[in-house]
**Q** 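Next up is a structure, given as structure tokens.
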Amino acid sequence: MEDGTKFAPPLPHSQIYHALVRAGTRIRPLQQVHARMVVSGVHCIRSLFTKLITLAGASTASNSGHYIRCLLHSAPNPDGFLFNTLIRVSSKSDRVSSADSIFFYRQMWSEGIQPSSYTFTAVLKACGDHSALRLGRLLHSQAVVNELDEDCYVQTALVAFYSKCGDVGIARMVFDRMREKSIVAWNSIISGYEQNGLADESVELFFEMNKMDSAPKADSATLVSLLSACSQLGRSDLGDWIRDYMSAKGIEPDAILGTSLINMYSRCSHVRKAREVFDNLKQRNVISWTAMISGYGMHGHGDEAMTLFHEMNSEGIRIRPNHVTFVAILSACGHAGLVNEGRRIFASMKQDHKVIPKMEHHVCMVDMLGRAGFLDEAIEFIKEHIPAGSAGPEVWTAMVGACKLHKNFKLGVEAAERLMCVEPNNPGHYVLLSNLYALAGMTDDVETVRNKMVRRRLKKQVGYSMIEIDEVGHVFRMGDRSHSQTRELYRCLDELMLKTCSAVSD
DNA sequence: ATAGGGTTAG
């Protein structure tokens, strides 16, 4: 840095500029400086406006969206630089629709302004978030025309874009062509494989990077993706290895990485290890607490989930549960049959925590009450809490499941009929309803539904599963008896059922 | 005068 005195004398706008910098990303102070800009007639100076919108766009306040939108659409006569800023701010901020980003790109294009690498990185991000594959491909070709396809930032953005649109094959091709591969580029392709269900490839690529001297070192973002891959593969051994790797490299888990570890261990059914990680975390946020609670919930440890939930709300811990936390605790109660606790939590959710119950919470409650056999109360709950006619398909699906479980086929038929009304074009519901008619002994109606389904040309996708053993693939469809070892397979299945039933009655 | 790419819960 040069000595400050060597700089040119302050520009007329420099005071405003510094006022903006001082305001930082806080919306109110920015608005005050903005007002001063309008009064002094400099609010149309592009450099000042650009700085203003960059700062406002970086704000993390939840109520900043409206102001940012106002700024975006009052930009004075944008040049290339300002257009890039408009595109980036609207693609970054989740409070602004990233469709705006694409809109600004089109406007820039129609005004004949030359795009730069900044333009492409920003607008490709918006395309990725929108899964706008066609537009993104078009942008790719425009990047080639503008000779920006060799720019490593643009290439990284392309890798991320194709991954998000589900085309990891193309993402990989772009990645392989990169001359300089930053850690961000590696992370984009590793997470791309993982997000598209190709966990094996993602792990393989990580180890390839890890053994190359010329490749960058893994950072916490790499490990977050890798831990998700472990959950997908059920490879807690690899998860253990990552934990050792972290301590060897001195990577202290932050809230994000810590939460990923917790999720990995819970999903691999090592709840105790998950708890150990949780207890040792230096940084915990709502997400970490929620992950641990849901880890207990998914393994039926309702009591532990409750204890943790209360601990989270106890004095001295200033972490407040959000709507996801309530889904986690309510479903933990549901799986463990803690009906009284669940009812109490639902009541306190609105009263004490100011979290407005959404459809997902209602589903948890209906599921919980229904599983426990309180079918009438579940129906009452729907009537009382959900405006008539607006219960979603998830609510009725939970209700149907509960009715089947407790063999109340009359109520089950009613619930399934409601489900049909809500989603008349879902072929699965026709099958469900006709099964229930059959169970309820309403044979005439079975025919009617089946016929209706045929008339409307609806077909349910047949469920199937696959497994590969010694490089031979085996496919199983619903009711399929074509496998050469069908008899043995079904005998094995019967044994499993017996074991499961005796485990439940224990 | 002003700026960039990846990673967070059910």
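Just so we're on the same page: letters track the sequence lines, and every chain starts at 1. Here the structure is a predicted model, which is why all the values come from computation and not from measurement.
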**Q** For A:N263, which contact category applies under a 4.0 Å heavy-atom criterion: base, sugar-phosphate, or nothing?
**A**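 Sugar-phosphate only.
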**Q** B:dA9 C1' sits how many Å from A:Y265 OH, rounded?
**A**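 About 19 Å, once rounded to whole Å.
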**Q** Between B:dA3 atom P and A:F49 atom CZ, what is the distance in whole Å?
**A**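 Interatomic distance, CZ of A:F49 to P of B:dA3: 16 Å.
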**Q** In whole angstrom, give the distance that lies between atom CG of A:N77 and atom P of B:dT2.
**A**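 Distance check: A:N77 CG to B:dT2 P gives 21 Å.
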**Q** Indicate the atoms forming the closest heavy-atom contact of A:G239 with A:L227, along with that distance.
**A**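 Looking at all heavy atoms of both residues, the shortest contact is CA-CD2, 4.4 Å.
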**Q** Establish, yes or no, whether the cationic atom of A:R28 lies under 6.0 Å from the six-membered ring centre of A:Y67 and within 45° of the ring axis.
**A**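 That pair does not qualify as a cation-pi contact.
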**Q** Just checking A:S288: base, sugar-phosphate only, or nothing, at a heavy-atom cut-off of under 4.0 Å?
**A**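 If one applies the 4.0 Å heavy-atom cut-off, A:S288 turns out to touch nothing in the nucleic acid.
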**Q** Classify the nucleic acid contact of A:Q155 as base, sugar-phosphate or nothing, counting any heavy atom under 4.0 Å across all strands shown.
**A**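 It contacts nothing in the nucleic acid.
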**Q** Indicate whether OP1 or OP2 belonging to B:dA9 is found under 4.0 Å from a side-chain N or O atom of A:R284.
**A**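 Answer no for this pair, as no side-chain N or O of A:R284 is under 4.0 Å from OP1 or OP2.
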**Q** Taking the side chain of A:A221 as its heavy atoms from C-beta onward, which of B:dG6, B:dA3, B:dT8 lies nearest to it?
**A**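 The listed nucleotide nearest to A:A221's side chain is B:dG6.
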**Q** Just how far is it from atom OG of A:S294 to atom CE of A:M298, taken to the nearest 0.5 Å?
**A**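 Spacing of OG (A:S294) from CE (A:M298) equals 4.0 Å.
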**Q** Could you tell me whether the side chains of A:S116 and A:N84 share a donor-acceptor contact shorter than 3.5 Å?
**A**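 Yes, A:N84 and A:S116 have a side-chain donor paired with an acceptor closer than 3.5 Å.
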**Q** Pull out every residue in residues 320-331 of chain A that has a heavy atom closer than 4.0 Å to any atom of DNA chain B, ordered by number, or say none.
**A**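 Residues of residues 320-331 of chain A that come under 4.0 Å of DNA chain B are, in numerical order, A:N322, A:V324, A:V327.
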**Q** Heavy atoms under 4.0 Å, any strand shown: does A:A160 hit a base, just sugar-phosphate, or nothing?
**A**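 If one applies the 4.0 Å heavy-atom cut-off, A:A160 turns out to touch the sugar-phosphate alone, with no base involved.
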**Q** Is the gap between the ring centers of A:F381 and A:F346 under 6.0 Å?
**A**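 So the answer is yes for these two rings.
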**Q** Could one point to a donor on the side chain of A:S182 or the base of B:dG6 with an acceptor on the other under 3.5 Å away?
**A**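 Under the 3.5 Å cut-off, the side chain and the base do not form any donor-acceptor pair.
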**Q** From CE of A:M37 over to C1' of B:dT2, roughly how many Å is that when rounded to an integer?
**A**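 Whole-Å distance recorded here is 12 Å.
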**Q** Please find out if less than 6.0 Å separates the ring center of A:F161 from that of A:H140.
**A**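 When the ring centroids of A:F161 and A:H140 are compared, they turn out to be at least 6.0 Å apart.
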**Q** Under the 3.5 Å rule, do the base of B:dG10 and the side chain of A:S294 count as making a donor-acceptor pair?
**A**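 Answer is no: no donor-acceptor pair is held.
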**Q** Contact class for A:T50 vs. all strands (heavy atom < 4.0 Å): base, sugar-phosphate, or nothing?
**A**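 Here A:T50 touches the bases of the nucleic acid.
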**Q** Within the structure shown, what part of the strands sits under 4.0 Å from A:S260 by heavy-atom distance: base, sugar-phosphate, or nothing?
**A**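 Here A:S260 touches no strand at all.
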**Q** Out of B:dA9, B:dA3, B:dT8, which nucleotide sits closest to the side chain of A:N285?
**A**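 Nearest to the side chain of A:N285 among the choices is B:dT8.
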**Q** Return yes if the base of B:dG5 and the side-chain atoms of A:N187 contain a donor-acceptor N/O pair under 3.5 Å, otherwise no.
**A**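 Not at all, since no donor on one side and acceptor on the other fall under 3.5 Å apart.
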**Q** For a quick check of understanding: with a heavy-atom distance under 4.0 Å over all strands, which category does A:T259 fall into, base, sugar-phosphate or nothing?
**A**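 Contact class for A:T259: none.
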**Q** Tell me the interatomic distance from A:W186, atom CH2, to B:dG6, atom P, rounded to whole angstroms.
**A**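 Taking atom P of B:dG6 as the reference, CH2 of A:W186 is at 18 Å.
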**Q** Of the candidate nucleotides B:dG6, B:dA9, B:dT7, which contains the atom at the shortest distance from the side chain of A:S225?
**A**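 The answer is B:dT7, which lies nearest to the side chain.
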**Q** Looking across every strand, which nucleic acid part, if any, lies under 4.0 Å from A:D151 by heavy atom: base, sugar-phosphate, or nothing?
**A**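 Counting heavy atoms under 4.0 Å across all strands, the contact made by A:D151 includes a base.
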**Q** Whole angstroms only, please: what is the CZ-P distance between A:F161 and B:dG6?
**A**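 Distance, rounded to whole Å: 13 Å.
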**Q** Under 3.5 Å, is there a donor on one side chain and an acceptor on the other for A:Q232 and A:D200?
**A**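 There is no such pair between these side chains.
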**Q** What's the CG-P distance between A:L226 and B:dT8, to the nearest Å?
**A**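 Rounding to the nearest Å, CG of A:L226 and P of B:dT8 are 13 Å apart.
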**Q** I'd like to know if the side chain of A:N187 pairs up with that of A:D219 as donor and acceptor (distance under 3.5 Å, no hydrogens or angles considered).
**A**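 A:D219 and A:N187 do have a side-chain donor-acceptor pair below 3.5 Å.
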**Q** Can you check whether A:F207 and A:W241 have ring centres sitting under 6.0 Å from each other?
**A**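 They qualify: ring centres under 6.0 Å apart.
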**Q** What parts of residues 17-30 of chain A reach DNA chain B, counting only heavy atoms under 4.0 Å away?
**A**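 Result for residues 17-30 of chain A: A:Y17, sorted by number.
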**Q** Less than 3.5 Å apart, any donor N or O on the side chain of A:T85 or A:T50 sitting next to an acceptor on the other?
**A**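 On atom types as modelled, these side chains do not qualify, holding no pair under 3.5 Å.
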**Q** Looking only at side-chain atoms of A:K51, point me to the closest of B:dT2, B:dT7, B:dG10.
**A**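 Comparing B:dT2, B:dT7, B:dG10 against the side chain of A:K51, the answer is B:dT2.
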**Q** How many whole angstroms separate atom CD1 of A:I256 from atom C1' of B:dG6?
**A**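 That distance rounds to 12 Å.
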**Q** Let's see if you can work this out: which of B:dG10, B:dG6, B:dA3 has an atom nearest to the side-chain heavy atoms of A:R88?
**A**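 Among the listed nucleotides, the one closest to the side chain of A:R88 is B:dA3.
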**Q** For the side chain of A:Y153, starting at C-beta, report the closest nucleotide among B:dA3, B:dG5, B:dG6.
**A**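 Closest of the options to the side chain of A:Y153: B:dG5.
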**Q** Would you call A:F81 stacked on B:dA3, i.e. ring centres under 5.5 Å apart with the planes less than 30° off parallel?
**A**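 The base of B:dA3 is not stacked with A:F81 (the test needs centres under 5.5 Å and planes under 30°).
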**Q** Any ring-ring contact (aromatic ring centres under 6.0 Å, His included) pairs touching residues 259-294 of chain A, not counting sequence neighbours?
**A**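 Only A:F278-A:W289 qualify under ring-ring contact (aromatic ring centres under 6.0 Å, His included).
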